[in-house]
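Have a look at the structure below before the remarks.
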Amino acid sequence: MEYSDLFVCLMGLGTVFVGLVCIILLVTLMSLVCRSTGEKPAPTPAAPAGAPKVGTSPELIAAVSAAIAEEMGTDISAIRIISLKQI
């Protein structure tokens with residue numbers, strides 16, 4: 001039995017379309033399952049109003065300089081830190 005070219009093309013496109021729809025449904029289902037079983041993070045307590053703010057100490061600047069120098073593969077003297085901002 002010989003199939004026409006149009007039939008083969010439509011069957012291929014239909015198979016791909018059904019497969020993609022199945023993948024979308026599975027991903028959506030897994031997303032819903034993961035959201036429902038996942039633990040919700042506890043809210044972090046806010047810092048009291050009178051709490052001292054963390055400043056930029058020389059030790060902090062030295063540690064950041066050393067980490068950046070190690071990552072870049074250069075000497076610490078080649079790095080110039082202008083400012084630090086806490087995120």
Problem - Hydrophobic cluster (4.5 angstrom, side-chain heavy atoms) - remaining members for F7 - result: M1, Y3, V8, M11
Completion exercise
Across all chains, not counting sequence neighbours, the side chain to side chain contact (heavy atoms under 4.5 Å, CB included) partners of M72 are I68, T74
Handout entry: Atom pair CG (L29) and CD1 (I24), whose distance is rounded to the nearest 0.5 Å
Key = 13.5 Å
Identify all side-chain donor-acceptor contacts of residues 58-66 below 3.5 Å with residues at least two apart in sequence or on another chain.
| unit_1 | atom_1 | unit_2 | atom_2 | d |
| --- | --- | --- | --- | --- |
| E59 | OE1 | S57 | OG | 3.4 |
| S65 | OG | I61 | O | 2.8 |

Handout entry: Fellow cluster residues of I82, listed by chain then number, with links counted only when side-chain atoms sit under 4.5 Å apart
Key = none
Fill in the blank from the handout: Taken in chain and number order and not counting sequence neighbours, the residues that satisfy side chain to side chain donor-acceptor pair (under 3.5 Å) with D75 are S77
Fill in the blank from the handout: Apart from L10 itself, its cluster of hydrophobic side chains linked below 4.5 Å comprises L6
Exercise for the section: Could you list who else is in V27's hydrophobic cluster, with ILVMFWY side chains joined at under 4.5 Å, directly or through other members? Expected result: I23
Practice task
Using the test side chain to side chain contact (heavy atoms under 4.5 Å, CB included), find all partners of V21 that sit at least two apart in sequence or belong to another chain.
Solution key: F17, L25
